[in-house]
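Only heavy atoms go into these numbers, but all of them, side chains included; no hydrogens, no water, no symmetry mates. Proteins get letters first, then strands, A, B, ... in listed order; numbering begins at 1 in each.
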There are 2 protein chains.
Amino acid sequence: MSAALELFVERGYAATRLEDVAARAGVSKGTVYLYFSGKEALFQAVIREGLLPALEQGERLAAGHGGSAAQLLADLLRGWWELVGAQKVGGLPKLMIAEARNFPQIARFYHDEVIVRGHRLLGQALELGMARGEFRRCELEPTLSILFAPVLMLAVWRHSFVPCGCTDGPPEAYLESCIDFILRALAPESARGGETPT
Amino acid sequence: MSAALELFVERGYAATRLEDVAARAGVSKGTVYLYFSGKEALFQAVIREGLLPALEQGERLAAGHGGSAAQLLADLLRGWWELVGAQKVGGLPKLMIAEARNFPQIARFYHDEVIVRGHRLLGQALELGMARGEFRRCELEPTLSILFAPVLMLAVWRHSFVPCGCTDGPPEAYLESCIDFILRALAPESARGGETPT
DNA sequence: CAGTGGTGACTGACCGGTCAGTAATGTAGG
DNA sequence: CCTACATTACTGACCGGTCAGTCACCACTG
């Protein structure tokens with residue numbers, strides 16, 4: 001599955017040959033069929049098993065968090081980058097974006113079990129901050145999509161343009177810029193200054 | 001080329017059959033080869049011809065703009081949505097993200113001629129705002145990527161998850177939320193309040 | 001020797017690309 | 001106006017390569 005993830009992310013579903021997946025995994029093509037009923041089942045398994053552990057870890061992090069809402073939000077984004085974005089599973093968003101229309105039921109699953117759940121997680125931090133007066137009042141839904149888009153793009157980029165020699169800066173610095181940008185946009189109307197994240 | 005754009009965006013490069021492109025264009029497969037030397041040449045043509053006109057129009061808009069930097073930035077983003085995001089070419093970013101690694105030289109072209117050029121355009125608005133004191137001082141590069149990511153994601157989403165029944169709200173409202181979010185994040189450290197875009 | 005896990009040659013469908021052929025539109029000549 | 005030839009635009013059957021999926025066979029273990 002690790003080999004399949006790499007190749008699917010690298011080349012896309014249709015352009016990935018099962019023989020190559022098998023070769024990278026160090027087995028023969030027939031062996032793949034001992035564990036997966038076919039190419040699509042392998043794809044589905046890669047998607048389903050890839051992100052759920054990280055999501056659960058994120059939920060644990062949120063549950064046991066004691067700091068400010070800004071801290072929680074920043075920690076969630078940093079945690080997502082470390083656990084997902086910077087790992088091999090960080091290619092899954094790109095893969096899912098590319099293949100969603102060809103596999104509507106898998107896209108549905110990804111949407112319901114990954115995106116919606118992730119938004120719920122970030123939404124907790126946002127609501128906490130609004131309740132506490134740390135953040136200004138705003139609509140949850142567009143705001144969640146907007147604030148997650150830059151870090152999501154970071155992961156997508158690293159699996160599309162970056163390998164083509166289109167360089168970008170160090171991802172950690174970019175991530176910190178994102179967090180800074182987001183916290184500024186969420187700051188209450190009045191009372192500004194000095195809310196730079198630690 | 002219009003038919004090819006639609007199908008490439010819908011299914012991805014590898015999963016698109018030239019016979020289907022021909023059928024949608026109302027011609028036969030052989031005819032495609034009268035105008036393009038092969039599948040990859042068709043792909044390249046779709047990418048190259050797709051976005052350059054819109055980019056030029058954006059540059060004209062920026063050149064002849066008299067309002068505030070915030071106005072210019074908002075107009076550029078709205079213009080991008082109307083001219084690109086909401087049109088068929090709005091699927092190109094998704095397509096390019098999905099296929100960049102399989103076509104490095106086309107990805108290079110797209111990066112240099114579309115992304116970098118687009119950033120330069122938005123960068124003008126950002127620099128203008130900083131010079132005028134409308135925006136806080138910040139690094140150009142990460143900021144441009146961050147502020148464009150949400151609207152880019154909007155276009156990508158509409159060609160991946162939305163057609164799978166994963167609904168989202170009206171794009172125009174989301175776009176206005178983006179603009180509001182961005183302008184808040186760019187506001188100077190002091191002096192806040194009432195900078196809602198008109 | 002039975003059972004288990006693994007192999008890789010093989011098959012058949014599929015699709016990019018080719019090309020001999022057809023139809024439509026000149027156009028020249030009587 | 002009719003006929004014959006030339007040119008252009010297009011067609012779709014066909015070919016060859018590729019790859020998902022199959023299955024007869026192998027090797028190892030207890």
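When distances are taken from the side chain of B:Tyr33 to each of C:dG16, D:dA20, C:dG6, the shortest belongs to C:dG16. Distances were taken from every side-chain heavy atom of B:Lys39 (C-beta onward) to each of D:dG21, C:dG17, D:dC10; the shortest belongs to C:dG17. Minimum atom distance to the side chain of B:Leu18 is reached by C:dG17, of the listed C:dG17, D:dC10, C:dG6. Distance from the side chain of A:Lys29 is smallest to C:dC10 among C:dC10, C:dC15, C:dG6. With D:dC19, C:dC15, D:dC10 as the candidates, the nucleotide lying closest to the side chain of B:Arg17 is C:dC15.
The residue among A:Val27 and B:Ala15 whose nearest nucleotide of DNA chain C lies closer to the 5′ end is A:Val27.
Between the OH atom of A:Tyr35 and the P atom of D:dG21 there is a distance of 18 Å, rounded to whole Å. With rounding to whole Å, B:Leu42 atom CG is found 10 Å from C:dG17 atom P. Atom CZ of A:Phe43 is separated from atom P of D:dC19 by 18 Å (rounded to the nearest Å). Spacing between atom CD of A:Glu19 and atom C1' of D:dT18 amounts to 10 Å, rounded to whole angstrom units. The CG-C1' distance, from B:Leu34 to C:dT18, rounds to 11 Å in whole Å.
A:Leu147 and A:Ile182 make their closest contact through O-CD1, 3.2 Å (heavy atoms, listed as atom of the first residue, atom of the second, distance). The two residues B:Thr16 and B:Lys39 have their closest heavy-atom pair at O-NZ, 2.9 Å.
Between B:Phe181 and A:Phe181, the ring planes lie tilted relative to each other; the angle falls in the 30° to 60° range.
Note on A:Thr31: a side-chain N or O is less than 4.0 Å away from OP1 or OP2 of C:dT7.
Residue-level contact check: A:Thr16 touches the backbone only, with heavy atoms under 4.0 Å from sugar-phosphate atoms and none from bases.
Looking at A:Arg184 and B:Glu189, a side-chain N of the basic residue comes within less than 4.0 Å of a carboxylate O on the acidic one, giving a salt bridge.
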